[in-house]
Number of protein chains: 2
Amino acid sequence: MLWFIGVGIYDLSSIGNMILEILAKSDRIYVERFTSPVSDEYMSSLKSLLRNKEVSIAKRWFIEDGRQILKEAKDSNVVLISYGDSLLATTFVELRTRAIREQIAVKVIHGASGIMSVVSECGLQIYKLGKMVTIMDDEQSVISVYNTLFNNLKLNCHTIILTEYRASDDSRIFFLSPNKAIQKLLDIEKSTKYEIINGGTFAIIASRIGFTDQKITCGKVDSLLNTEYGSGPHTIIIPSRLHFTELEAITTIAEVIDEPSDNTETVESIASMMMRKYVPMIRKEITEVRTSTMIMKSNAVNELLDNAECYIDDATDFFDRGKFELAILSIGYADGLTDSIRYQARR
Amino acid sequence: MLWFIGVGIYDLSSIGNMILEILAKSDRIYVERFTSPVSDEYMSSLKSLLRNKEVSIAKRWFIEDGRQILKEAKDSNVVLISYGDSLLATTFVELRTRAIREQIAVKVIHGASGIMSVVSECGLQIYKLGKMVTIMDDEQSVISVYNTLFNNLKLNCHTIILTEYRASDDSRIFFLSPNKAIQKLLDIEKSTKYEIINGGTFAIIASRIGFTDQKITCGKVDSLLNTEYGSGPHTIIIPSRLHFTELEAITTIAEVIDEPSDNTETVESIASMMMRKYVPMIRKEITEVRTSTMIMKSNAVNELLDNAECYIDDATDFFDRGKFELAILSIGYADGLTDSIRYQARR
C-alpha cells in the first residue's frame, strides 16, 4: 500500500489521529523536501514522534526512478509525506499512476495547500485567479511569467507567481528572492514593452505563510525592490483590478508601503484606446455631414448616417459588456460607412 | 479573539491538537454551512466532542451582519469553523477585515481545500488551471462560465467549474447536478456558437472528493449527460490539451467512459473567426459590385472599392502579425465601405 500524505503548512501539532494512525501502521516513511520546504525541525520532531519507525528523506531521483518505493509498497505500508497539499507535483502524480497500474493500493490525504493559504491570507477572491506560474532563475521561465501576466491582466485576473525553491542533495535550501524575481520581470519589460510592469505596478509579497513569522507586504514595484523579506518561501502576486473587499482586506492585513492601484489600466488599452479615439471622431464626422450645406443628403445618405450611429451605439454597448472584438468590428464598420459618404461628397 | 478555522475535507479525526486546543479554550463555536457542505454527522460528532461548549450554526445573515460575532470576539474566544480551507469566501474575508479594524485579534488556520484536492486527485497540473468559475441555476452565471471556458481554452488552460451549492435556513441542501450544468452550457453554445462545447467535448466530473465514496468519471459530454453521479459536491473540469502525465493519470484513476480528446482543437479566437467569415465575404461583395451591370461605377466608387481591398489586405497582414484589434478594425472598415456602396446602389 502506498500513502500520499500532505501534512499542510503547520507543525506536527496540526496532524490529527487520521494521519497518526496511518503513520503508526506504516512500515516505511519517506519525506520529500525537493518540491516543498520541510524544515530540519519538522524532520526531527517527526523522527522523535515515530521513534520506532524508519523515517527518511526521499530525493528527487528516488521518486522519479520509483522502482524501490513501488517494490516496497507491494507488500508493505509505505507513506510519502509532502509539505502542504499532496500530489500537486507532477513527479508524485506519475508515481501514483505507476502504482495503480502495478495494482498497488494507493490512498491520498490532502493537507492545507500553501498556494490556497496565500490567496486567502491576502484576502483575494479565488474566482479572480488567473493561470499560476513559477519564476525561476533562467530567462525562458521569466518570459513565460511575463506573457502569463499579460494574458491574466487582459482578463482582469490576478497572477500568483511562486518563486523558485530548490533543495540540493545535501539539503541546502535556495529561495529566489522577490527582489531578484521582480527585477527579472522589469528587464523583460524593457525589451518587450507591452507596458504591463513598471516601477508603479502594485504587487503583493507573501512570505512564509503558515510560519509563525509570516509576513505580507504590498506596494509599488519600486518600493518592493528596496525591501527585505527574509527567508522563503515567498509568493509574488500581481493583482488585476482589486474588488473593494480585496482592497479593504489587503490594506488591513498587509504592511502597506504604497496604496493599491489598478494594474489593468495600462493593459486593456488597445480596445479601449480605439473606442476613446473613434467614438467621438465618427460622431463628429456624422454631425459635420448632416449639417454641411455642400453635401446632397439623399434618403440613402441619411439612412446610412443613421445606420452608422446605430453601429457606434452597438460598439459602446459591446465594449461595456466586455465583447471587445465585436466593439472594434462595429466601430470600424461605422467608420467605413461614414468615410464612404464623406469621400463621395468630396469628389 | 476571533479564529477562522478550516477543518479540511475529512471527518473530525483529521483535526490535530493544534485545532483541538483552540476549540478547548474557546467560549463560543460557530460552524458555517452556507458556503460549504458540513454534514449533519459532522455537526453531531463535533457537538459530542465538545460537549461542554456551545456549538451553533452560523447563518449567512449572521456573518454578513457580523455585529453579534464581533461583539462576542471583543472579550471572548470565538471560533468560526468552515469545511475545506478557511477564508475562501468573500463574506469571511470581510468579517476578518472588520475584526482587525475593530482591534480584535484574528487568527486563521487553513485546512485542505476542496478545490485543490479535486485538482490533484484528478492528476491535473496546477500550472494549467485557468480562471475558476461556479455554475449556478441562472442564465447570467452560465454565460459567464461559457465565456471563461472560451478564454481558458484559448490559453490552453483547464477550467474548474464548481457547481452551485445552497443550504437553506432549515439546512436543506441543494447541489446543482453535473448533468443540468452541462446541459445549460450546451444551451448557451446553441445560441452563441463559439464552438467550445458540444457532445464530443471531453470532461471530468469529480464527485464527493474527500468523502469515502468519492468518484471521478470522465468521458465525452454526450456520455456524461446520461450518467448518474449521486449526491454532491460535484466539480466539472473541462480540460484543455492534456499533458501526457495528466492523460495517464486521469485514465488510470477515473472511470473512463470515453478516451480523452483535445478540447482546444475546435476553439478559435474571435478574431480568427471574424477573419474567416469577413475576408471572403467582403471580397465576394466587392467582386459582385465590380461586375454588376446594374451599378454605376463612378471614379469615386471604384476608388472606394480599391480602398476596401487595401483594408482587407491590411487586416490579413495585421492578423498574421498578431495585431488582432487592428485586424478587426480594418476588416470592419472595409465592410463599412463596401456596404455603403451596395446600399446606395440598391436604392
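Side-chain atoms are counted along with the backbone in the values below, which use heavy atoms only and exclude waters and symmetry mates. Chain naming here is simple, since letters A, B, ... match the order of the sequence lines and numbering starts at 1 in each.
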Straight-line distance of A:S340 OG to B:R342 CZ, nearest 0.5 Å: 12.5 Å

Proximity breakdown for B:M274 and chain A, heavy-atom pairs closer than 4.5 Å: side chain

Among B:N147, B:I115, B:I328, residue most engaged with chain A (heavy-atom pairs, under 4.5 Å): B:I328

Partner chain B: residue of A:I109, A:I331, A:N307, A:L162 with the largest heavy-atom pair count (under 4.5 Å): A:I109

Which portion of A:Q125 sits near chain B, non-hydrogen atoms under 4.5 angstrom: side chain

Chain B contact via A:S14 - side chain, backbone, both or neither, heavy atoms under 4.5 Å: both

Proximity breakdown for A:Y278 and chain B, heavy-atom pairs closer than 4.5 Å: side chain

Largest heavy-atom contact set with chain A, pairs under 4.5 Å, which of B:I270, B:V108, B:T338: B:I270

Choice from B:L87, B:N151, B:L326, B:T252 maximising heavy atom contacts with chain A below 4.5 Å: B:T252

Side chain proximity check, B:L155 to A:L155, heavy atoms < 4.5 angstrom: yes

NE2 on A:H110 to OG on B:S113, rounded to 0.5 Å: 9.5 Å

Part of A:Y10 within contact of chain B (heavy atom distance under 4.5 Å): side chain

Interatomic spacing from CG in A:D11 to CE in B:M18 - rounded to 0.5 Å: 7.0 Å

Chain A interface, residue from B:R101, B:K128, B:E94, B:H158 that has the most non-hydrogen pairs under 4.5 Å: B:R101

Which portion of A:L129 sits near chain B, non-hydrogen atoms under 4.5 angstrom: backbone

Most contacts with chain B, counted as non-hydrogen pairs under 4.5 angstrom, among A:T245, A:L124, A:I341: A:T245

Atom pair OG1/CD1 of A:T97 and B:I253 - distance to nearest 0.5 Å: 7.5 Å

Test salt bridge (Lys or Arg N to Asp or Glu O under 4.0 Å) applied to B:R96 and A:E121, step by step: CA-CA 10 Å; B:R96 178 178 61 157; A:E121 284 290 333; 3.8 Å; yes

Under 4.5 Å from any heavy atom of chain A - which part of B:E248: both

Nearest non-hydrogen partners of B:E325 and A:A271, listed with the distance: CG-N, 4.4 Å

Which of A:V133, A:I160, A:V119, A:I19 touches chain B most, by non-hydrogen pairs under 4.5 Å: A:V133

Most contacts with chain A, counted as non-hydrogen pairs under 4.5 angstrom, among B:A249, B:G123, B:S117: B:S117

Under 4.5 Å from any heavy atom of chain B - which part of A:L12: neither

Heavy-atom pair with the smallest gap, counting every atom of B:L337 and A:G336: CD2-O, 3.3 Å

Under 4.5 Å from any heavy atom of chain B - which part of A:I15: backbone

Under 4.5 Å from any heavy atom of chain B - which part of A:D335: both

Largest heavy-atom contact set with chain A, pairs under 4.5 Å, which of B:L329, B:N17, B:D339, B:V93: B:L329

Distance (rounded to the nearest 0.5 Å) between B:T148 OG1 and A:Y127 OH: 11.5 Å

Contacting moiety of A:S86, where chain B heavy atoms sit under 4.5 Å: backbone

Winner by heavy-atom pair count (cut-off under 4.5 Å) against chain B, out of A:G8, A:G111, A:A308, A:G6: A:G111

Nearest-0.5 Å distance that lies between atom OG in B:S120 and atom CZ in A:F92: 12.0 Å

